[in-house]
There are 2 protein chains.
Amino acid sequence: MSDKHMTRSTPEKRPFEDAVSRLREAELRPTRQRLALARLLFEGGNRHLTAEELHDEARQADIKVSLATIYNTLNQFTKAGLLREVTVESGRAWFDTNVSDHHHFYAPETGELIDIDLANIAINGLPAAPAGREVERVDVVVRLKPAD
Amino acid sequence: MSDKHMTRSTPEKRPFEDAVSRLREAELRPTRQRLALARLLFEGGNRHLTAEELHDEARQADIKVSLATIYNTLNQFTKAGLLREVTVESGRAWFDTNVSDHHHFYAPETGELIDIDLANIAINGLPAAPAGREVERVDVVVRLKPAD
DNA sequence: GTACGTGCAAACGTTTTGCAGCGGG
DNA sequence: CCCGCTGCAAAACGTTTGCACGTAC
């Protein structure tokens, strides 16, 4: 086996490989743009972003991506289960890199979203879903306002 | 006390008077359009409507109202506490004539919203609001899908 | 009469789409 | 080489706004 194409696995390299395999598992071709966006999204913990915010981040990181591609990518990632869409406001979609079952605090004035772990919360006595339907997901949004 | 301005309270007359006083209490001038919309909204129990749906209903009832006025009116009614805005989908605002504290089932395919009474549901263990903030409202949305 | 409401059309912000060209496998 | 992806611009969508006119009080 030639080592002509082999590269040493440096610590800095890891995220790149992670992003590649993440995309492959989701059956999405690891294109330049998707890789770049995946790294922005998934490095550095749980994040809540709008399309516009991700676009700005990409620009700041000197990644050339059109807003249309941002939207396409966010929707594809969501469909593939890599992201979760959070609906707290009509007129703006938020995307959450935390795809586990959880809930949110939402502060309208700042647009801030804060995760609430499922372990912290119990919902009892929910009526059964109407006939012919089943529950897909329960979303709890705790709307905040500045304290008096 | 003169009965000069008194009108016999016929069953058909009530809703009109109700709508008038409802608007007066909310400090909104009872104009032709606001009255007509108020009657469409508040007669016949709890309703969940989008602006577009209310506009269509008005057209069918031969009420001439522009879409802009529908939006203005829905927002004014909401601010006045006569309606409640329900956010279940980014890109479309729903208005609920039930302003009491309650939650919703939501069926995306049909756009159907079904009230869940607060009595039926208990939420325990919610973390405290972050510092400097307080909880304004807790919204629970149970997203439905067609049964398998 | 006057302040407020309405209608219309145009502007807005977000999201989607159509199509020519690029690039990953 | 081929099919899927990207970029751009334009369109679509729900919603808001500016301004002239109308109307409740």
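Computed from heavy atoms alone, side chains included, the values below leave out hydrogens, waters and symmetry copies. Throughout, protein chains are lettered first and strands after them, A, B, ... in sequence-line order, and every chain is numbered starting at 1. For clarity, every value in this text was computed on a predicted model and none was experimentally measured.
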Reckon A:Asn75 touches a base, only the sugar-phosphate, or nothing at all at heavy-atom distances under 4.0 Å?
sugar-phosphate

How long is the line joining CG of A:Asn72 and P of C:dT15, in whole Å?
13 Å

Salt-bridged, A:Arg143 to A:Glu89, with N to O below 4.0 Å?
no

Point-to-point distance, once rounded to the nearest 0.5 Å, from CZ of B:Arg133 to OH of A:Tyr106
11.0 Å

Any donor-acceptor N/O pair, A:Glu53 side chain to A:Thr50 backbone, under 3.5 Å:
yes

Under 4.0 Å between a side-chain N/O of B:Arg32 and OP1 or OP2 of D:dA24, yes or no?
yes

Nearest whole Å is fine: how far is D:dC8 C1' from A:Leu67 CG?
11 Å

Would you say C:dT16 has OP1 or OP2 under 4.0 Å from some side-chain N or O of A:Tyr71?
no

Is there a donor-acceptor pair closer than 3.5 Å between any side-chain N or O of B:Asp115 and the backbone N or O of B:Asp117?
no

Counting heavy atoms not belonging to B:Arg137, are there more than 12 under 6.0 Å from its CZ?
yes

Look at the side-chain N and O atoms of A:Thr31 and state whether any lies under 4.0 Å from the OP1 or OP2 oxygen of D:dG4.
no

Report yes if a side-chain nitrogen or oxygen of B:Arg29 is closer than 4.0 Å to either non-bridging phosphate oxygen (OP1 or OP2) of C:dG5; otherwise report no.
no

Roughly, in whole Å, what's the span from CD in B:Glu52 to P in D:dA12?
15 Å

Heavy-atom nearest nucleotide on DNA chain D for B:Ala68 versus B:Gly91: which residue maps closer to 5'?
B:Gly91

Would you mind classifying the nucleic acid contact of A:Ser66 as base, sugar-phosphate or nothing, using non-hydrogen atoms under 4.0 angstrom?
base

Phosphate OP1/OP2 of D:dG7 contacted by A:Thr69 side-chain N/O (<4.0 Å):
yes

Interatomic distance where CG belongs to B:Leu74 and C1' belongs to C:dT6 [whole Å]:
15 Å

Considering just the side-chain nitrogens and oxygens of A:Gln33, establish if one lies under 4.0 Å of OP1 or OP2 belonging to D:dG7.
yes

Nearest whole angstrom, please: distance from the P of C:dT16 to the CZ of B:Arg92.
14 Å

In whole angstroms, the gap separating P of D:dG14 from CG of B:Leu49 amounts to 15 Å

Could you tell me the separation between the CG atom of B:Leu37 and the P atom of C:dG5, rounded to a whole number of Å?
14 Å

Just the rounded figure in Å: distance from P of C:dG5 to CZ of B:Phe77.
11 Å

